[in-house]
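The block underneath contains the structure these notes are about, expressed in structure tokens.
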Amino acid sequence: MLTVIQKEQKLSSYSLNAVSAEFLGEQKEDVHHSMIGGLFLESADTRRRLAVYCLKDAYLPMRLMEKLLCMYNYVEMARVTGTPINFLLNRGQMIKVQSQLLRKARECDFVMPTMKSEASNDKFEGATVLDPLTGYYPQPIATLDFASLYPSIMMAHNLCYCTLLKPEQVKDLQPEDYTKTPSGCYFLKSSKRRGLLPMILEELLAARKRAKKAMAEAEDPLTKSVLNGRQLALKVSANSVYGFTGATVGVLPCLDISSSVTAFGRTMIDHTKKMVEEKYCIENGYAHNAQVIYGDTDSVMVKFGVDTVPEAMRLGQEAADLVSATFTKPIKLEFEKVYYPYLLMNKKRYAGLYWTSPEKYDKLDAKGIETVRRDNCGLVRQLVETSLRTILIDGSVPKAIEIAQKAVSDLLQNKIDLSLLVITKSLGRGAHAEDYAVKQAHVELAERMRKRDPTTAPGSGDRVPYVIVSGSKGAKAYERSEDPLFALENNLSIDAQYYIEHQLQLPLLRIFGPIMGDDSKAQSLLFSGAHTRKLHTPTPQGNALAKFVTKSLRCMGCKAIIKAGLLCEHCQKEKAADVVIEQMQEFRQKEEEYNRLWTQCQRCQGSLLEPVICSNRDCEIFYRRAKARKEVQIAQEQLARLKLDW
DNA sequence: GCACTTACCTAC
DNA sequence: TAAGGTAGGTAAGTGC
């Protein structure tokens, strides 16, 4: 489950405790490793406690697996791509494309060449990001998107290994038999020969359509979000087909395909921008000149100049249809949503209220800014989020300023919960300081933690949580980073000034600046004045810091802070553990049901590990014979009777 | 103080 | 060993 969660979810922590809290609203019955020996030896009661801790650690991943519909989604992916489930877990995207390619190749009587690929650094030009006309837009902005741009390009132009032509081959062909791509490569048209990649993409997109439909029909929000995960996984799989052709470290790179795909994409976004701006202008009888204020890869944001959401939607829809008609099938430009109001901060950074129906907005959508980045502390994320909400939804800049000022003042008075000041960054590469060219706060901290206790220090790929504590003047941030728990235990004080100048200031100014139309005014309102004066009666640091303790470090009975374990001495007698055992018995029943469903031999109902055929020799022989004599059909009928979707 | 590089994380 | 792609913003360290 760790592998599954790390692959599928973007979280600040991947500990069993954090993940369970996120998806199940439950936590571990934690016992610090130093206590295990003592608990085991002491008495039956303490051994029971130890057992409960172990059981719950086993129980939580099972619950996660069930809640996230892992089996359903992985079985679906395994079937669609023809890839074993353990490959889906332990390997990357390429194996899926390779499997599909092999399957399709056999179907079409091709063999796949074995390439002796030498590590090359060949790069190719990617997508266009239109220069943004940054600023705050109090009027509706319509967004037009190409649906699955890269896959649809490959399908529309029949791009594949088996349709790529060498320039000298082109001479013998009629012009209507091939396409020349904007990057100067030639491909055979589908009327001559259908490419394998386009066929694969069709299947992936059909599966995605099914998932989207199921998502729309689902009622439970979690099921909905899991099905959303599935359709996104299929989308990534479809995009990976393009990625696969461009992966020079892979088994079958073909940059003629990938660079043709991006080249088509570049011409398409330019064409779209031009067409929209040329059509929707005063000269053509419209009230305003439409303006494409931004666009990235497959999307354009259009300011039609109209004042209401319905008008923007109508024009957006019309424009999308108009542009779509100029492209080969299945390329399609879709009108998706209107942003109103819209704050465009920079390339790949914007926020706005997201409307898909004229009655009311769906949500506040934010891209690229601090609220969606895991390497910011909670305070910044929270403050940026509430500021945006207050400004975009309530329309009140003064109220937003008040909130921001309060945060600055709280920070200086040590009133901010330490958990909100924790920054996390992932430890890349070898995870040792010497592997890096420049010193960084989280890397240096990991190094120091390794010296303190090598068993618990973060390793390669882990996310390192840290806070910045006060230190000597002029000390670099990497010298003042500290493990939050260590800071708590040793009563280290937080460097409020650092958090103001290096965490809050610029993100807030980037929001308030464009909205107030004046950077220096925003600067002086937020970061100088009465609220920035540090009160002379500093709160004892212990109190402020003590707020930051994960739940697993609190007694389950009275919530007192304890170093490790389930219950403080005071509550030791309480039987909180019984609850866990009860829950587990309930789960046990579900598990049995689940086992029945998945692990019975289709012929003799014997048990087996993989849901195909058990190790009973007779069954195995039966199965192989059936297959050998092309009696698969019989097996399929049997399956159908058992209502299993083959 | 400034330009440049590196690392991280995101958008698509 | 196995590893989808490129574009791009931002913060902080480094070197002049």
Side-chain angles (χ1 to χ4, degrees), chain A residues 7 10 12 81 87 90-98 100-101 117 119 122-132 134 143 145-151 154 232-233 235-255 257-263 265-266 269 294-301 344-350 365-377 380 423-429 433 435-444 461 463-464 468 475-481 498 501-507 509-510:
Chain A
K7 271 190 178 235
K10 284 194 173 175
S12 298
T81 62
F87 278 16
N90 300 323
R91 300 183 55 178
Q93 296 290 333
M94 301 222 305
I95 191 65
K96 290 196 272 184
V97 183
Q98 201 183 338
Q100 292 172 90
L101 202 49
S117 71
D122 279 1
K123 282 281 164 63
F124 58 93
E125 192 181 340
T128 302
V129 182
L130 299 177
D131 279 329
T134 59
T143 312
D145 281 68
F146 284 103
S148 299
L149 178 68
Y150 287 180
M154 295 177 83
L232 284 175
K235 181 184 176 171
V236 171
S237 300
N239 276 328
S240 303
V241 174
Y242 144 78
F244 179 87
T245 65
T248 48
V249 288
V251 290
L252 207 59
C254 180
L255 298 196
I257 297 177
S258 41
S259 62
S260 292
V261 171
T262 54
R266 290 194 298 274
I269 193 172
Y294 179 55
D296 185 345
T297 311
D298 64 351
S299 67
V300 286
M301 273 63 164
L344 178 52
M345 313 219 296
N346 212 336
K347 281 185 176 179
K348 299 191 188 282
R349 290 169 67 87
Y350 58 83
D365 196 27
K367 290 290 162 74
I369 58 177
E370 287 72 17
T371 52
V372 297
R373 290 183 65 95
R374 293 178 294 175
D375 54 353
N376 281 278
C377 69
V380 173
I423 301 164
T424 75
K425 279 192 178 155
S426 71
L427 206 48
R429 309 223 267 219
D435 297 325
Y436 287 86
V438 290
K439 295 190 167 178
Q440 293 182 95
H442 64 298
V443 180
E444 297 299 309
R463 296 192 67 84
V464 185
I468 299 294
K476 300 274 190 196
Y478 62 78
E479 296 170 303
R480 292 180 289 133
S481 56
Y498 170 85
E501 283 170 19
H502 294 270
Q503 296 290 127
L504 291 181
Q505 194 159 5
L506 290 173
L509 285 181
R510 280 194 292 263

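Numbers restart at 1 for each chain; the letters A, B, ... are given by sequence-line order, proteins then strands. Below, each value reflects all heavy atoms present in this structure, side chains not excepted, and no hydrogens, waters or symmetry copies.
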Please walk me through it: do A:Phe244 and A:Gln93 pass side-chain contact (heavy atoms from CB on, under 4.5 Å)? CA-CA 8 Å; A:Phe244 179 87; A:Gln93 296 290 333; over 6 Å; no
Report yes if a side-chain nitrogen or oxygen of A:His502 is closer than 4.0 Å to either non-bridging phosphate oxygen (OP1 or OP2) of C:dA11; otherwise report no. no
Please confirm whether any donor atom in the side chain of A:Arg373 sits under 3.5 Å from an acceptor in the base of B:dC9, or the reverse. yes
Got A:Val380 and A:Leu504 here, is their nearest side-chain heavy-atom distance under 4.5 Å? yes
Counting the atoms with a prime plus P, OP1 and OP2 as sugar-phosphate, which does A:Gly126 contact under 4.0 Å by heavy atoms, base, sugar-phosphate, or nothing? sugar-phosphate
Of the candidate nucleotides B:dA11, B:dT10, B:dC9, which contains the atom at the shortest distance from the side chain of A:Tyr350? B:dA11
Check: A:Glu444 main-chain N/O paired with A:Tyr436 side-chain donor or acceptor under 3.5 Å: no
So, the side chain of A:Ser299 versus the backbone of A:Asp145: is there a donor-acceptor pair under 3.5 Å, distance only? no
Sequence-distant partners of A:Lys425, side-chain hydrogen bond (donor to acceptor under 3.5 Å, both in side chains), two or more places apart: none
Look at A:Tyr436 and B:dT5 and indicate whether a side-chain polar atom (N or O) is within less than 4.0 Å of OP1 or OP2. no
Between C1' of B:dC9 and NZ of A:Lys367, the distance in whole Å: 15 Å
Basic-acidic side-chain contact under 4.0 Å: A:Glu479, A:Lys439: no
Taking only N and O in the side chain of A:Arg349, is any of them less than 4.0 Å away from OP1 or OP2 of B:dT10? no
Between OH of A:Tyr242 and P of B:dC12 the distance, given in whole Å, is 15 Å
First of A:Tyr150 and A:Val129 reached from the 5' end of DNA chain C, by closest nucleotide: A:Tyr150
Classify the nucleic acid contact of A:Leu149 as base, sugar-phosphate or nothing, counting any heavy atom under 4.0 Å across all strands shown. nothing
Taking only N and O in the side chain of A:Tyr498, is any of them less than 4.0 Å away from OP1 or OP2 of C:dA12? yes
Of the nucleotides C:dA2, C:dG9, C:dA11, which one has an atom closest to the side chain of A:Arg91? C:dA2
Just how far, in rounded Å, is P of C:dA2 from NZ of A:Lys96? 18 Å
Does a salt bridge link A:Lys347 with A:Asp296, judged by any charged N lying under 4.0 Å from a carboxylate O? no
Do the side-chain N or O atoms of A:Lys123 get closer than 4.0 angstrom to the phosphate oxygens (OP1, OP2) of C:dA7? no
Closest nucleotide among C:dT14, B:dC12, B:dA7 to the A:Ala437 side chain: B:dA7
Measuring to OP1 and OP2 of C:dG13, would you say a side-chain N or O of A:Gln440 lies under 4.0 angstrom away? no
Rounding to a whole Å, what distance do you find between A:Lys235:NZ and B:dA11:C1'? 10 Å
Any side-chain N or O of A:Asn346 below 4.0 angstrom from OP1/OP2 of C:dG8? no
Please report the distance separating the P of B:dC12 from the corresponding atom of C:dG4, rounded so that it comes out in whole Å. 22 Å
Answer yes or no: does a side-chain N or O of A:Arg510 lie under 4.0 Å from OP1 or OP2 of C:dA11? yes
Among B:dC9, C:dG13, C:dA7, the one nearest any side-chain atom of A:Ala477 is C:dG13
Does OP1 or OP2 of B:dA11 have a side-chain N or O of A:Thr297 closer than 4.0 Å? no
A:Ile369 CD1 to C:dT10 P, straight-line distance once rounded to whole Å: 11 Å
Please report the interatomic distance CG(A:Asp375) to OG(A:Ser426), rounded to the nearest 0.5 Å. 9.0 Å
So, the side chain of A:Arg480 versus the backbone of A:Ala475: is there a donor-acceptor pair under 3.5 Å, distance only? yes
If only side-chain N and O atoms count, and only distance matters, is there a donor-acceptor pair under 3.5 Å linking A:Arg374 with A:Ser12? no
Nearest-angstrom distance from the residue atom NZ of A:Lys348 to P of B:dC12: 7 Å
Mind checking if A:Ser426 touches a base, just sugar-phosphate, or nothing, with heavy atoms under 4.0 Å? sugar-phosphate
Would you mind reading off the distance between A:Asn239 atom CG and B:dA11 atom P, rounded to a whole angstrom? 15 Å
Pairing string of DNA chain C (Watson-Crick or G-U wobble, both atom distances under 3.5 Å; | = paired to other strand) is ....||||||||||||
Looking at A:Arg480, I'd like to know whether one of its side-chain N or O atoms comes within less than 4.0 Å of OP1 or OP2 on C:dA12. no
Report yes if at least one side-chain N or O of A:Arg374 is closer than 4.0 Å to OP1 or OP2 of B:dC8; otherwise report no. no
Nearest to the side chain of A:Val372, which nucleotide is it out of C:dA12, B:dT6, B:dT10? B:dT10
C:dA11 C1' sits how many Å from A:Lys425 NZ, rounded? 7 Å
Please determine whether a side-chain nitrogen or oxygen atom of A:His442 lies at a distance below 4.0 Å from atom OP1 or OP2 of B:dC8. yes
